[in-house]
Amino acid sequence: MAPTPTGQGRIRLLQACREGWIAFGKAPLPFLLFSLLSSLAMGACGVVGGLGVLALLAALQVAEVPTEILPRLLLMLVSLGAALVGLLGLGLVALVSTLGFCRGAWLALEGHRPRFADLIAWDGAAINRLVLAWSAQQGVLLLPLGLAALAYFGLAGLGLERLLGLPIGLVALALVWFGVNQCFLNPLCLFRETKPFAAVRRGIEGVQGQWWRVFGLNGLLLAVMVLGASAGGLAIALTPVVCCINMAAYRQLFGADDRLGLTTPRP
């Protein structure tokens, strides 16, 4: 399978879907096994975190009743620890699965057959770039959300309840616009940009002029995942396919150059 031409600057939806499906077909078993293990790990972390939160809430309710201080404090600490472990576990699994799927999809689109070892390979520098890029993305969102919150409470304080839908609507539109622009943030920070805010900015610049096509691609992939989720475990099988299609579209827009050496074999 020939690599996607470099720097087309235009998304071709059918071509991206075809290339993504062919890429998944290069190594379906490693992709499916990795997707299954990632889902199980996320589920386990979610259960631990959820139980921790429920236990913490129960401990806080018990705190209103006169009981022994030490057992109550111990229960709260254990519950808080479980909640934190679950939350950190979810974040770590999300990072590792994102890295694995991106690396595997890139290798498959290059014509290789990704091994399971390629998908689970740890890369501290790449993980760090993901963390920083995700943090930068959330930091950029804080400004419009903060302004919208000020406008909302200001209108509510002035008794202009009829206008409260205005800031909510503007924020919703801004979130959709920004979300579509950032759908290639993961491959950008893994293959192209080392600086987090540069990756965020490059995502916006790259999608401009192609926004509606990227929006259509995202809508298609989201519909596929929703249908897969409604069919039970089918979403696990569709996740690597969706990742491969998204990566094929990324390569159409930004080129097929691994500038940061993510897929370069380590000695």
Side-chain angles (χ1 to χ4, degrees), residues 1-4 11-46 89-124 126-127 129-130 133-134 183-192 217-254 256-258 260-266:
M1 178 180 172
T4 305
I11 284 185
R12 293 173 172 82
L13 298 181
L14 293 179
Q15 180 183 342
C17 292
R18 185 180 71 252
E19 290 183 347
W21 177 253
I22 294 174
F24 169 74
K26 290 286 184 180
L29 291 181
F31 274 128
L32 292 175
L33 178 59
F34 184 70
S35 182
L36 175 61
L37 293 178
S38 298
S39 298
L40 291 176
M42 280 199 167
C45 293
L90 283 173
L92 181 60
V93 173
L95 289 168
V96 173
S97 61
T98 299
L99 175 61
F101 280 129
C102 286
R103 181 191 281 117
W106 189 278
L107 288 171
L109 286 165
E110 288 288 329
H112 305 293
R113 295 183 181 276
R115 303 165 302 162
F116 184 71
D118 295 320
L119 302 180
I120 63 173
W122 179 265
D123 188 324
I127 291 290
R129 293 199 300 275
L130 276 174
W134 291 358
C183 68
F184 300 117
L185 178 65
N186 293 334
L188 275 170
C189 71
L190 289 176
F191 297 103
R192 189 181 182 94
L217 175 66
N218 277 268
L220 174 63
L221 297 182
L222 179 60
V224 169
M225 291 303 297
V226 170
L227 290 175
S230 65
L234 187 58
I236 296 175
L238 291 175
T239 297
V241 178
V242 167
C243 290
C244 289
I245 293 174
N246 189 71
M247 185 63 72
Y250 164 84
R251 287 157 62 97
Q252 289 177 357
L253 273 182
F254 297 97
D257 299 321
D258 182 5
L260 304 180
L262 183 71
T263 57
T264 302
R266 300 294 191 269

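Note that the structure is a prediction, hence the values are computed from the model and not measured.
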Distance from [X] atom [atom1] to [Y] atom [atom2], nearest 0.5 Å?
| X | Y | atom1 | atom2 | answer |
| --- | --- | --- | --- | --- |
| N218 | N246 | CG | CG | 7.0 Å |
| L221 | C17 | CG | SG | 6.5 Å |
| N186 | C102 | CG | SG | 5.0 Å |
| I120 | R103 | CD1 | CZ | 10.0 Å |
| S97 | M42 | OG | CE | 4.5 Å |

Checklist line | Presence of salt bridge, R251 and E110, under 4.0 angstrom | finding: yes

Taking the side chain as every heavy atom from C-beta outward, state whether [X] and [Y] have any atom pair closer than 4.5 Å.
| X | Y | result |
| --- | --- | --- |
| F24 | L32 | yes |
| L119 | L33 | no |
| F31 | P114 | yes |
| R192 | P187 | no |
| P240 | F101 | yes |
| L29 | F116 | no |
| I245 | L217 | yes |
| W134 | L95 | yes |

Notebook entry, point to check: Parallel, tilted or perpendicular: which describes the rings of F184 and F254, with under 30° parallel and over 60° perpendicular?
Noted result: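 Ring orientation, 0 to 90° scale: perpendicular.
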
Margin query: Would you call the rings of F191 and W106 parallel, tilted or perpendicular, taking 30° and 60° as the class edges?
Written below: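 Judged by the thresholds at 30° and 60°, the geometry between F191 and W106 is parallel.
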
[X] to [Y] - nearest heavy-atom pair and separation:
| X | Y | answer |
| --- | --- | --- |
| A23 | L109 | CB-CD2, 3.8 Å |
| G25 | P28 | O-CD, 3.4 Å |
| C45 | V93 | SG-CG2, 4.3 Å |
| A105 | C243 | CB-O, 4.2 Å |
| A235 | M225 | O-CE, 3.8 Å |

Notebook entry, point to check: Under 3.5 Å, is there a donor-acceptor pair between the side chain of S35 and the main chain of I236?
Noted result: yes

Next item on the list: Give a yes or no answer on whether the side chain of Q252 reaches the backbone of R12 with a donor-acceptor pair at less than 3.5 Å.
Entry: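 The answer is yes, because a donor-acceptor pair under 3.5 Å joins these two groups.
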
Note to self: side chain to side chain contact (heavy atoms under 4.5 Å, CB included), that's the test. Do L262 and L99 meet it? Break it down for me.
What the structure shows: CA-CA 9 Å; L262 183 71; L99 175 61; 3.7 Å; yes

Check: Picking from L185, V96, T98, what satisfies side chain to side chain contact (heavy atoms under 4.5 Å, CB included) with L130?
Finding: T98

Check: Is there a side chain to side chain contact (heavy atoms under 4.5 Å, CB included) between L253 and I11 once you walk through the steps?
Finding: CA-CA 6 Å; L253 273 182; I11 284 185; 3.6 Å; yes

Check: Does the side chain to side chain contact (heavy atoms under 4.5 Å, CB included) test come out yes or no for I127 and W122, once each step is laid out?
Finding: CA-CA 8 Å; I127 291 290; W122 179 265; 4.0 Å; yes

Next item on the list: Could you check L13 against L220 for side chain to side chain contact (heavy atoms under 4.5 Å, CB included), going step by step and ending with a plain yes or no?
Entry: CA-CA 10 Å; L13 298 181; L220 174 63; 5.9 Å; no

Item checked: Donor-acceptor side-chain pairing of T263 and D258 below 3.5 angstrom ->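 Looking only at side-chain atoms, D258 and T263 do form a donor-acceptor pair, the distance falling under 3.5 Å.
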
